[in-house]
Amino acid sequence: MARLFDVGPNAVGVFAVGQFAVGVIAFGQFAVGFVAIGQFAAGGLTLGMFSGGLASIGMFAAGIVHATGAGIGGTGRLAVLPLVPRLAPRAVLPPVTTFEAIDVNGWIDASVELRGGDAIVASGERALPVRVVCDLIHPLATMPPLRADRLLAFIERRDDGYVCTRLMRVAAPAPLAPIFWLKTSARIFALAVLSAVWMKLFFLPMYSSLSDGGAATVAPPSAPPSKSRR
C-alpha cells in the first residue's frame, strides 16, 4: 500500500509532494491525484496551468464534469467549450390572473384586435371594457407577424376605467433545427472520448500506483561466480 506521506521526485502516497507526485492529494510539477495541484495536474479535482480531470481549473483546462479557464469540459466558465448540450431557458412569465379578479392591476391572457383606430381587448370570445393606451396602438399596427401561443395584457384599474398599458407576446417554442442534433452528437462523442482518455491515461495508472505503493519490482542481485581452488 502507499505511504501516508511521501516526499521525493517520484513520491507516491496519500499525501505526495514531488516533481512526479502521485497520491490522493498530490503537489508537484507533474502531479496526478484525486486532488492534484501543479503546473501539469491530472486526476480528479485539478488545479494548474495545464490541468485535466473530472473538474479542472487552469489556464488550459479539460474537465469531464466542469472546467474553468480556457479549454473544454462537460460544463464550464470563462472560455470553455461546454460538451453537455443545454436547451435555452424559457422565459419566466409573470403571474396571470383573470379580468374579474383585478383589484389594482395584473396580467391576463388576452387577445387584441385593431378596428380602425381603436384596439379591442378580448378574453376568449368576450370583449372587455378596456382601453389601450395610445403608445401601444402604433406598435400593434406596425409589428410584424410573430408566431405566438399566448398574449398577455397588463391591465390597470383607474378612476376612469380599465386601461391596458403593456403587452407581452410569448412565442411558441421553435422546433429544434437539424444543426442542433448534429452539434449535440458531436459534443456527446467528444465527451465520451475525453472520459475514455481520462480513464486510460490517468485514473487506471493512478489507482495502480497507489495500490502497489509505487514500488518497482527489482530483481535480486546474482551471486558472484565461484572461484575454483587448485
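Nothing fancy with the numbering, it's 1 onward along the sequence.
- The CD atom of Glu125 sits 8.0 Å away from the OG atom of Ser111 when rounded to the nearest 0.5 Å.
- Val35 is not listed as a side-chain neighbour of Val24, based on a closest heavy-atom distance of 4.5 Å or more.
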Inset, instruction - Give the intermediate values and the outcome of side chain to side chain contact (heavy atoms under 4.5 Å, CB included) for residues Val133 and Glu156. - result: CA-CA 11 Å; Val133 294; Glu156 296 182 4; over 6 Å; no
Legend entry - side chain to side chain contact (heavy atoms under 4.5 Å, CB included) assessment of Leu54 paired with Phe34: CA-CA 9 Å; Leu54 293 177; Phe34 289 99; over 6 Å; no
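- In the hydrophobic cluster analysis, where Ile, Leu, Val, Met, Phe, Trp and Tyr join through side-chain heavy atoms closer than 4.5 angstrom, Val65 is grouped apart from Val80.
- Looking at Leu204 and Met199, their side chains come closer than 4.5 Å, going by heavy atoms from C-beta outward.
- Hydrophobic cluster membership for Phe20: Phe30, Phe40, Met49, Phe50, Met59, Phe60 (Ile, Leu, Val, Met, Phe, Trp, Tyr linked by side-chain heavy atoms under 4.5 Å, directly or transitively).
- Heavy atoms only, all atoms of each residue included: Leu47 and Ala41 are closest at O-CB, 3.7 Å.
- Neither Val193 nor Ile188 shares a network with the other; the hydrophobic side chains, linked directly or stepwise wherever heavy atoms of I, L, V, M, F, W or Y lie under 4.5 Å apart, form separate groups for each.
- No donor-acceptor pair closer than 3.5 Å links the side chain of Ser56 to the backbone N or O of Thr68.
- If you chain together hydrophobic residues whose side chains sit under 4.5 Å apart, Val14 and Ile37 fall into the same group.
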Inset, instruction - For side chain to side chain contact (heavy atoms under 4.5 Å, CB included), just list the numbers for Thr46 and Ile57, CA-CA rounded to whole Å, side-chain angles, deciding distance to a tenth of an Å, and then say yes or no. - result: CA-CA 6 Å; Thr46 61; Ile57 302 174; over 6 Å; no
Legend entry - Worked verdict on Leu151 versus Arg169 for side chain to side chain contact (heavy atoms under 4.5 Å, CB included): CA-CA 5 Å; Leu151 177 67; Arg169 302 186 71 171; 3.4 Å; yes
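- Between the Asp6 side chain and the Ala16 main chain, no donor and acceptor come within less than 3.5 Å of each other.
- Among the candidates Leu182, Leu81, Ile72, the single residue satisfying the side-chain contact (heavy atoms from CB on, under 4.5 Å) test with Arg187 is Leu81.
- The environment of CZ in Phe202 is crowded: more than 12 heavy-atom neighbours from other residues, nucleotides or ligands sit within 6.0 Å.
- Annotation for Leu93 and Met168: closest pair CD2-SD, 4.1 Å, computed over non-hydrogen atoms.
- A heavy-atom distance below 4.5 Å is not found between the side chains of Arg166 and Leu152.
- Counting all heavy atoms, side chain and backbone alike, Thr97 lies closest to Ile102 at CG2-CG1, 4.1 Å.
- Connection of Tyr162 to Val104 is not established within any shared hydrophobic cluster, with ILVMFWY side chains joined at heavy-atom distances below 4.5 Å, either directly or through further cluster members.
- Inter-residue side-chain proximity for Asn105 and Thr165 is flagged as unmet; no heavy-atom pair is nearer than 4.5 Å.
- Nearest heavy-atom pair, Trp107 versus Pro95, reported as atom, atom and distance to 0.1 Å: CB-O, 3.7 Å.
- For the pair Ser195/Phe203, no side-chain contact is recorded, criterion being any heavy-atom separation below 4.5 Å from C-beta on.
- Minimum heavy-atom separation, Ala119 to Val132: CB-CG2, 3.7 Å.
- Taken from CG in Leu83 to OG1 in Thr184, the straight-line distance is 11.5 Å, to the nearest 0.5 Å.
- Note on Leu78 and Ile64: separate hydrophobic clusters, where clusters join Ile, Leu, Val, Met, Phe, Trp and Tyr whose side-chain heavy atoms are under 4.5 Å apart, directly or indirectly.
- The two residues Ala153 and Ala110 come nearest to each other via the heavy atoms CB-CB, 4.0 Å.
- In Asp159, the CG atom is not crowded: 12 or fewer heavy atoms of neighbouring residues, nucleotides or ligands sit closer than 6.0 Å.
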